[in-house]
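Heads up: the structure comes next, in structure tokens.
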Amino acid sequence: MEKFNPKIILSAAISIDGKIATGSGDSKLSSKKDLIRLHQLRSQVDAILIGKNTVNKDDPLLNVRYSRGRNPIRIILDSRGTISNKSKILQTSYQIKTIIVVSKKITKRNLQKLKNFPIEILIIGKNQINVKTLMSSLGKRKIKTVLLEGGGTINWEFIKNNLVDEFFITITPFILGGKNAISLVQGKGFDKVTKSPKLRLNRIKRLENDLVLHYTKL
Ligand SMILES: NC(=O)c1ccc[n+]([C@@H]2O[C@H](COP(=O)([O-])OP(=O)(O)OC[C@H]3O[C@@H](n4cnc5c(N)ncnc54)[C@H](OP(=O)(O)O)[C@@H]3O)[C@@H](O)[C@H]2O)c1
């Protein structure tokens, strides 16, 4: 069987100083026009992927509502299966296809909790979810495009593994500061500029006071 990995598109709204949320976790950076653009993009991909802290902080729906189109599959990386029963993701799992990815360290109790919802549970990795294994598993499920919507920890995991093919970064007219405020990319970071993915600036688009940058991997 032919093997392929999905194309990964990272999308984020950042402040001028590169933060994706304030220190207290307020991430409402996007303008209405940028949300419309984001939701159009969502309607064109097979899946959206986020980390469990973003679920906890933002309680997102991850559907398409500011434009027309179908909802992509929602994928949450949550190695211990701690996502709340009351989260919008689990509460709407009856209507929108949802995959929760956990690792082998999930407790029986949390696994049982997840099994009460009509979701797919993928167990990948011993202690940490191995994102490369996950991508080939999604490829086998005929998922061709994945929109990575953060947060910073998950973004680093995919960038570190050189898995991101395209970036849509919206620079919003805010300056947030704060050394505990989450940046676009968290984690350990690269020690040399040369280790960064090599990117080409493909397109820029002004949306009133926002600037949308589209980069592709060279
Ligand atoms: N402005 C924007 O566009 C935007 C977009 C998204 C999010 N945000 C903001 O970003 C913040 C959250 O970012 P964050 O960096 O704290 O968290 P995150 O990236 O949303 O989630 C990180 C968590 O995912 C889990 N995870 C599972 N598998 C992983 C793996 N292989 N590698 C790394 N993590 C894995 C880990 O928890 P376990 O170990 O328990 O599994 C980890 O702590 C929120 O404040 C949110 O509002 C902003």
Side-chain angles (χ1 to χ4, degrees), residues 8-31 33-35 37-39 41-42 48-62 66 74-84 87-89 99-107 109-111 113-114 121-138 146-164 167-176 178-189 207 210-213:
I8 303 183
I9 304 165
L10 185 153
S11 174
I14 64 169
S15 61
I16 291 171
D17 53 330
K19 309 289 188 187
I20 56 172
T22 65
S24 64
D26 180 7
S27 63
K28 302 246 172 316
L29 289 158
S30 300
S31 62
K33 284 199 170 160
D34 195 49
L35 283 173
R37 181 201 59 79
L38 174 65
H39 284 226
L41 182 58
R42 281 183 179 178
I48 305 184
L49 186 149
I50 63 167
K52 80 119 198 273
N53 292 355
T54 299
V55 177
N56 289 347
K57 289 275 183 197
D58 299 353
D59 195 20
L61 258 174
L62 298 185
Y66 292 103
R74 304 174 302 184
I75 303 173
I76 313 298
L77 302 202
D78 180 10
S79 52
R80 286 171 294 128
T82 56
I83 182 171
S84 163
S87 63
K88 286 183 187 150
I89 295 283
I99 299 176
I100 309 284
V101 189
V102 302
S103 73
K104 285 185 183 148
K105 73 177 176 188
I106 187 171
T107 60
R109 193 160 178 252
N110 282 346
L111 191 57
K113 171 192 73 182
L114 293 180
I121 302 165
L122 288 183
I123 304 178
I124 292 185
K126 204 170 164 212
N127 290 309
Q128 230 207 348
I129 296 160
N130 182 321
V131 291
K132 285 188 175 169
T133 312
L134 171 63
M135 285 307 117
S136 64
S137 162
L138 297 181
V146 173
L147 185 61
L148 190 62
E149 285 201 39
T153 306
I154 289 293
N155 289 347
W156 166 247
E157 190 67 13
F158 280 80
I159 288 171
K160 180 181 76 179
N161 285 293
N162 198 24
L163 289 170
V164 184
F167 294 77
F168 282 95
I169 308 294
T170 301
I171 303 176
T172 64
F174 303 107
I175 299 173
L176 301 178
K179 76 174 176 346
N180 295 324
I182 305 275
S183 297
L184 173 63
V185 184
Q186 293 282 116
K188 190 163 169 265
L207 292 175
D210 290 345
L211 196 56
V212 186
L213 308 178

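Order of listing sets the numbers, starting from 1, for every ligand and every atom in it. None of the values given here were measured: they were computed from a predicted structure. Values reported hereafter were calculated over all heavy atoms of this structure, with side chains retained and with hydrogens, waters and symmetry mates removed. In what follows, residues are counted from 1 in the order of the sequence shown.
For ligand 1 and D78, the ligand atoms under 4.0 Å from any heavy atom of the residue are 41 (O). Shown in contact with R80 at under 4.0 Å from a heavy atom are these atoms of ligand 1, numbered in order with element: 40 (O). Of all atoms in ligand 1, numbered sequentially from 1 with element shown, those under 4.0 Å from a heavy atom of S27 are 47 (O), 48 (C). Ligand-side atoms of ligand 1 in range of I129: 27 (C), 28 (N), 31 (N), range being under 4.0 angstrom from any heavy atom. Near Q128, meaning under 4.0 Å from any of its heavy atoms, are these atoms of ligand 1: 30 (C), 31 (N), 32 (N), 33 (C).
Nearest to atom 18 (P) of ligand 1 among the protein's heavy atoms is G151 N, 3.5 Å. In this structure, atom 34 (N) of ligand 1 lies nearest to the protein heavy atom I154 CD1, 3.6 Å. The nearest protein atom to atom 46 (C) of ligand 1, hydrogens excluded, is given as D58 OD2, 3.5 Å; this is a heavy-atom distance. At the top of the distance list for atom 5 (C) of ligand 1, counting protein heavy atoms only, stands E149 O, 3.3 Å. The single protein non-hydrogen atom nearest to atom 3 (O) of ligand 1 is A13 N, 3.0 Å, given as residue, atom name and distance. Closest to atom 45 (O) of ligand 1 among all protein heavy atoms lies A21 CB, 3.6 Å. At the shortest separation from atom 25 (C) of ligand 1 among protein heavy atoms lies L77 O, 3.7 Å. Scanning the protein heavy atoms around atom 41 (O) of ligand 1, the nearest turns out to be S79 OG, 2.5 Å.
Proximity annotation for atom 22 (C) of ligand 1: of T153, D59, I106, L29, T153 comes nearest, heavy atoms only. Of the candidates L184, I20, I76, N53, it is N53 that places a heavy atom closest to atom 17 (O) of ligand 1.
Each of V102, N56, D78 was checked for a side chain to side chain contact (heavy atoms under 4.5 Å, CB included) with I83, and the lone residue meeting it is D78. Tested against I124, the residues S137, S103, S136 include a single side chain to side chain contact (heavy atoms under 4.5 Å, CB included) partner, S137.
Within the 4.0 Å heavy-atom criterion, both parts of A12, backbone and side chain, lie near ligand 1. Contact annotation: for T54 versus ligand 1, heavy atoms closer than 4.0 Å belong to both the backbone and the side chain. Counting heavy atoms closer than 4.0 Å to ligand 1, residue K52 contributes atoms from both its backbone and its side chain.
For the atom pair OG1 of T54 and CD1 of I20, the computed distance is 6.5 Å after rounding to the nearest 0.5 Å. Distance check, rounded to the nearest 0.5 Å: OG1 of T82 to NZ of K52 gives 4.0 Å.
Shown here is K104, whose NZ atom has no more than 12 heavy atoms of other residues, nucleotides or ligands within 6.0 Å. Atom NZ of K160 has more than 12 neighbouring heavy atoms from other residues, nucleotides or ligands inside a 6.0 Å radius. The number of heavy atoms from other shown groups lying within 6.0 Å of NZ (K113) is above 12.
Side-chain contact annotation: D58 with S27, donor-acceptor N/O pair under 3.5 Å present. At a cut-off of 3.5 Å, with distance as the only test, a side-chain donor of S15 or D17 sits close to an acceptor on the other residue.
The shortest N or O to N or O distance between V131 and ligand 1 is not under 3.5 Å.
Although no hydrogens or angles enter the test, the distance criterion places no donor-acceptor pair under 3.5 Å between the side chain of T172 and the main chain of S30. Using a distance-only test at 3.5 Å, with no hydrogens or angles considered, no donor-acceptor pair links the side chain of R74 to the main chain of I50. In this structure a side-chain-to-backbone donor-acceptor pair under 3.5 Å is missing from N155 to V185.
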